[in-house]
2 protein chains.
Amino acid sequence: MTTIKDIAKAAGVSVTTVSRALNGYSDVSEKTRKKIIDIAKQLNYSPNTLARSLVMNKSKTIGLLVSGMTRSAVKDNFTFEVMTGVNDYIAKTDYDVILFNTNSTKQREKTYSQLCRERRVDGVILQGIKTDDPYLTEVVESDIPCVLIDIPIQSDRVGYVTTDNVYGAKKAVQHLLELGHRNIAMMNGHDYAFVSKQRLQGFYEAMEEANVPIRKEWVVNGDFSEEMAEARAYELFTNEPNITAIFCASDLMALGVMKALKQLHLRVPDDVSVVGYDDILLASYVSPALTTVAQNKFQMGYEAASMLIDMLEGNEAKVVTLRTQLVVRESTAEVKKG
Amino acid sequence: MTTIKDIAKAAGVSVTTVSRALNGYSDVSEKTRKKIIDIAKQLNYSPNTLARSLVMNKSKTIGLLVSGMTRSAVKDNFTFEVMTGVNDYIAKTDYDVILFNTNSTKQREKTYSQLCRERRVDGVILQGIKTDDPYLTEVVESDIPCVLIDIPIQSDRVGYVTTDNVYGAKKAVQHLLELGHRNIAMMNGHDYAFVSKQRLQGFYEAMEEANVPIRKEWVVNGDFSEEMAEARAYELFTNEPNITAIFCASDLMALGVMKALKQLHLRVPDDVSVVGYDDILLASYVSPALTTVAQNKFQMGYEAASMLIDMLEGNEAKVVTLRTQLVVRESTAEVKKG
DNA sequence: TTGAAAATCCGAAACGTTTTGGAAAAATGA
DNA sequence: TCATTTTTCCAAAACGTTTCGGATTTTCAA
C-alpha cells in the first residue's frame, strides 16, 4: 500500500509538500503539484483515512444507532426507510456512516459514549430507542453532536426531528368522529415512547373538543407489536361490544387489531372502523386497505442527516417537525345507525 | 479525551505497561493491572480505535456495499433483510460495519478499492451490483477479502453466498406444469444479473424435461421493476392470448404482471397462473396471495458475514448455496380445460 | 545591481496506540 | 551467599498523515 512517503521519494520532495499538493494548498508550484498528482495516480495511492483522522481529530464518520434492525422488523420497515433517508443525504457529503446496533447484548456492554468515542465518530443519529434507555441520559450528558428521531430532547449539542404526532392523531380521531363514531377506543404503543404520549394526547384533544366522553378502559397498550395488539384487541372487543371504532398508534398494531376482529366475526369497516398510524407499505395492500396517518420516514432520516452535518459545520442544533397526512382508505366508514 | 498517556502518568507507569495491562498481557502484575484498570475506569477512558487500527494495520471494520438503499426499494426489502442478517452476525463479533453506497455519483467517482482502502476496511460484502459493474472486475483484482451475494465469482480472496436459483426456478415451473399448464411464459430480470441467467436455465430445464416446447418470444425482460414488468406483460398478453401461466423472476415483477392482467380483465389464477420469486413480505398480503419461491434473505446476509469473518481469521473463501422453497398460495391453479 | 517581497519548499513534532528487545527486580535453587 | 530463572517493567520505534515555523529560492521594483 503506497503512502505519502513513497510519493515524496519518487517525486524528490518532502512529505509536507506532497500532503500540501494533494490537499490543494497554494504554497506549492503548479509544476510540482502536477508531478506529485501524476505520481500519486501512477502509484495508485489512496490516503489513509485512519492516519488523517488521528491527526485531524475528526473522522468524517457519523454513527447510526438504530434499534429496528431485527428479523421481526421487516414488516414495518420504518427503520429501513429512515436509514435510506440518512444514507441519501450522507452520500452527498464526504462523510461515511458506521452502523451501531443496539439489539446485541455484546454492544450493550459498552456505554453510548464508549461506542462513539472508540470509533471517534463526529456525530450520531439515534432512532428507535425507548425513553427509559440508559443511552438517552448519556446522549445529553455527552458532548457528541447528536440528532434524535422522534425523541423531543434538545440542547446545544442535540437536536431532533419528529412529526406532528399530536395533530396527526387528532386528525385521525376527528375523521372517526366525522363519520359519526362516538364509542372510540385506542390501541396505543407503550409508555416508554414519546410518540405514544403525543398520539394519546391528540386522541384526548379530539375527543374533548367534540365533547365526547373518554372511557379510560378503552385505551390499551399493544406495545407496537402486531401479536400483542391482536391479543389486547381480542379482549377489548369481547368485553366491550359497543366500541365502533379504534385508533391505533401504529399500522402494525392495526393489522393485529384487524386479525382479532376477524376472529370475532366483526367486519371492517361495517362493524368497526380501524385507523392506523405510519402508512407502512402493507397499509395499502391489506384488505380492507388501511386508513392511516402517513409520515414521511425517508424524509425524517434525510432531515436528521442534514441537521447533523449542519451541526458538525458549526451550526446549532435545531428542531424539525414534519407534517403528517391522513390517508383515507377502506378501513373506516360511517357508524351504523341504531 | 483521556489517553493511555494520562493513565500512565496517573499510575506512575509507562504507556507500554498500560497498554499491556489493558490488553490482558501476562507480563504485568495483578496489582498494577488492577490499579491501571481502576484509573482507566475513573478517567472514563476509551481506547482510540483509529490509533490502534493505524499501528495494527487492521481496522476491525467491514464494508457493506449495497445498491438497494433507495427510496424505491422499500417495497422489495431484499436489501434490508440481507443487511439485517449481516448486522446480526457482526454484532456478535468485535467488528463494526461501515456503509458504502453505490447509488451516489459522488462515491462512484472513487473506485472500489479506493473506497475500501481509504477507510481501511478489513473486508467487504457486496450485494446487488450488476455483472457489468466495473466494481466487479476490481473485486477480483483487489486483494481485499470479499464475499459476494448472488454473484458466482470465486478466488482465494473472494467467496459468495447464493441460493439454488436453477433448482428454485425449476420447481416453480414444474409446479405450473403439474397443474397442466403448457403455454408458460417467463418474465425475467435483465441480462446483467446472474440470477436471471440461472432462473432462466431452471425454466428451460423444467420445460425440456417435460417435453414442452419453449417459445422464445414468451420470455421477456422486466428489469426487476414493477412498472417495467407491468408494461411488458401488457404487451405480451395482448399479443399472445394463449398463455395460461407465467413465471416471474421476482415477486415485484409478479405484482406488476398481476396489475397488467387486471387491466386486461384476465383473472388470476382462473385465466392465468402467476408465480413469483423471492417471497417478499407483500407476496402473502396481495390478493390473490402470490405463489412464489422463497429464499431466506436474512440468512444470506448472516452467512455472508460469517464467511467474511472466517476469511479474516485466516480461513479460505467458500461458496454457500442456500436452499429455496416453493410456497404455494392462491395465484396458481389448474389450467382451464378448453 | 540590490534589497525586499513573494513564492516554494522542508524538518520535525504531533496524533494515540502497539510491539520489540531488553533491563531491572524479585524469586528460586544450590 | 551467589547464580539463575522468572517476573515485571520500560524506552523507543513505528503506523501515515497534517501543520507549524522557518528556510531557501525566485521574482521584481527601484
Side-chain angles (χ1 to χ4, degrees), chain A residues 1-37 39-40 43-61 94 96 113-122, chain B residues 1-37 39-40 43-61 94 96 113-122:
Chain A
M1 200 134 323
T2 93
T3 76
I4 224 175
K5 249 185 228 168
D6 303 324
I7 300 177
K9 205 176 294 171
V13 297
S14 72
V15 292
T16 306
T17 306
V18 175
S19 173
R20 299 182 76 82
L22 259 26
N23 289 318
Y25 281 73
S26 63
D27 65 348
V28 32
S29 74
E30 278 314 310
K31 201 180 115 205
T32 56
R33 184 195 305 277
K34 192 179 173 323
K35 198 210 289 186
I36 288 171
I37 289 178
I39 293 178
L43 294 183
N44 203 8
Y45 169 75
S46 36
N48 186 332
T49 321
L50 300 175
R52 175 182 292 163
S53 301
L54 184 60
V55 56
M56 307 258 294
N57 201 29
K58 51 180 142 177
S59 63
K60 289 284 175 180
T61 301
D94 57 344
D96 276 321
S113 54
Q114 268 176 329
L115 223 51
C116 297
R117 286 184 318 189
E118 283 189 9
R119 288 290 181 176
R120 287 302 191 274
V121 294
D122 296 332
Chain B
M1 198 134 322
T2 93
T3 76
I4 225 175
K5 249 185 229 169
D6 302 324
I7 300 176
K9 206 176 295 172
V13 298
S14 73
V15 292
T16 306
T17 306
V18 176
S19 173
R20 298 183 77 81
L22 258 25
N23 289 318
Y25 281 72
S26 64
D27 64 348
V28 32
S29 74
E30 279 313 311
K31 200 178 116 204
T32 55
R33 163 172 285 127
K34 190 178 174 325
K35 198 210 289 187
I36 287 171
I37 288 177
I39 293 179
L43 293 183
N44 202 10
Y45 169 76
S46 36
N48 187 332
T49 321
L50 300 175
R52 176 182 291 163
S53 300
L54 184 59
V55 56
M56 308 256 297
N57 202 27
K58 50 179 140 175
S59 62
K60 289 284 175 180
T61 301
D94 57 345
D96 276 320
S113 54
Q114 268 176 329
L115 225 51
C116 297
R117 285 183 318 187
E118 283 190 8
R119 287 290 180 178
R120 286 302 190 276
V121 295
D122 296 333

K.L.:
Please state how far atom NZ in B:K9 lies from atom P in D:dC9, giving the value in whole angstrom units.
P.N.:
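The answer, rounded to whole Å, is 20 Å.
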
K.L.:
Could you check whether any side-chain N or O of B:R119 sits under 3.5 Å from a backbone N or O of B:C116, counting only pairs where one atom can act as donor and the other as acceptor?
P.N.:
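No, B:R119 side chain to B:C116 backbone: no donor-acceptor pair under 3.5 Å.
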
K.L.:
Tell me the closest heavy-atom pair linking B:S46 and A:Q114, and the distance in Å.
P.N.:
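Nearest pair, atom of B:S46 first, then A:Q114: CB-CG, 4.2 Å.
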
K.L.:
Is any NZ, NE, NH1 or NH2 atom of the basic residue among B:D94 and B:K60 found under 4.0 Å from an Asp or Glu carboxylate oxygen of the other?
P.N.:
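Between B:K60 and B:D94 there is a salt bridge, with a charged N closer than 4.0 Å to a carboxylate O.
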
K.L.:
OP1 or OP2 of D:dC10 versus the side-chain N and O atoms of B:T17: is any pair under 4.0 Å?
P.N.:
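For D:dC10, OP1/OP2 do have a side-chain N/O of B:T17 under 4.0 Å.
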
K.L.:
Write down the distance between CD1 (A:I7) and P (D:dT18), rounded to a whole number of angstrom.
P.N.:
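Atom-to-atom, A:I7 to D:dT18, this comes out as 11 Å.
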
K.L.:
Assess whether atom CG of B:N57 is packed by more than 12 heavy atoms of other residues, nucleotides or ligands within 6.0 Å.
P.N.:
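No, CG of B:N57 has 12 or fewer neighbouring heavy atoms, counting only those of other groups under 6.0 Å.
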
K.L.:
Which part of the nucleic acid does B:T49 contact within heavy-atom distance under 4.0 Å: base, sugar-phosphate only, or nothing?
P.N.:
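Result for B:T49 = nothing.
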
K.L.:
Could you give the NZ-to-C1' distance, from B:K31 to C:dA26, as a whole number of Å?
P.N.:
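The distance from NZ of B:K31 to C1' of C:dA26 comes to 12 Å, rounded to the nearest Å.
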
K.L.:
Taking NZ from A:K35 and C1' from C:dC9, how many angstroms apart are they, rounded to a whole number?
P.N.:
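These atoms are roughly 12 Å apart.
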
K.L.:
Please tabulate, for side-chain N and O atoms in residues 5-15 of chain A, each donor-acceptor pair with protein atoms closer than 3.5 Å (sequence neighbours left out).
P.N.:
{"residue": "A:D6", "atom": "OD2", "partner": "A:T3", "partner atom": "N", "Å": "2.8"}
{"residue": "A:S14", "atom": "OG", "partner": "A:T16", "partner atom": "N", "Å": "3.4"}
{"residue": "A:S14", "atom": "OG", "partner": "A:T17", "partner atom": "N", "Å": "3.2"}
{"residue": "A:S14", "atom": "OG", "partner": "A:T17", "partner atom": "OG1", "Å": "3.1"}

K.L.:
Can you tell me if B:T32 touches the phosphate of D:dC9, counting only side-chain N or O atoms and a distance under 4.0 Å to OP1 or OP2?
P.N.:
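Yes, because at least one side-chain N or O of B:T32 sits under 4.0 Å from OP1 or OP2 of D:dC9.
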
K.L.:
In this structure, how many angstroms lie between the C1' atom of D:dT7 and the CZ atom of B:R33, rounded?
P.N.:
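To the nearest whole Å, that distance equals 13 Å.
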
K.L.:
Rounded to the Å, how far apart are B:E30 CD and D:dC9 C1'?
P.N.:
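Value for this atom pair: 15 Å.
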
K.L.:
What is the minimum heavy-atom distance between A:S59 and A:S53, and which atoms define it?
P.N.:
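In this case the closest contact between A:S59 and A:S53 is CA-OG, 3.4 Å.
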
K.L.:
Produce the list of close N/O pairs, under 3.5 Å, pairing protein atoms with atoms of nucleotides 16-19 of chain C; give distances to one decimal.
P.N.:
{"residue": "C:dG16", "atom": "N2", "partner": "B:A51", "partner atom": "O", "Å": "3.4"}
{"residue": "C:dT17", "atom": "OP1", "partner": "B:Y45", "partner atom": "OH", "Å": "2.9"}
{"residue": "C:dT17", "atom": "OP1", "partner": "B:N48", "partner atom": "N", "Å": "3.3"}
{"residue": "C:dT17", "atom": "OP2", "partner": "B:I4", "partner atom": "N", "Å": "2.8"}
{"residue": "C:dT17", "atom": "O5'", "partner": "B:Y45", "partner atom": "OH", "Å": "3.2"}
{"residue": "C:dT18", "atom": "OP1", "partner": "B:N23", "partner atom": "ND2", "Å": "3.1"}
{"residue": "C:dT18", "atom": "OP1", "partner": "B:R52", "partner atom": "NE", "Å": "3.1"}
{"residue": "C:dT18", "atom": "OP1", "partner": "B:R52", "partner atom": "NH2", "Å": "3.3"}
{"residue": "C:dT18", "atom": "OP2", "partner": "B:S19", "partner atom": "OG", "Å": "2.5"}
{"residue": "C:dT18", "atom": "OP2", "partner": "B:N23", "partner atom": "ND2", "Å": "3.4"}
{"residue": "C:dT19", "atom": "OP2", "partner": "B:Y25", "partner atom": "OH", "Å": "2.8"}
{"residue": "C:dT19", "atom": "O4", "partner": "B:T16", "partner atom": "OG1", "Å": "3.2"}

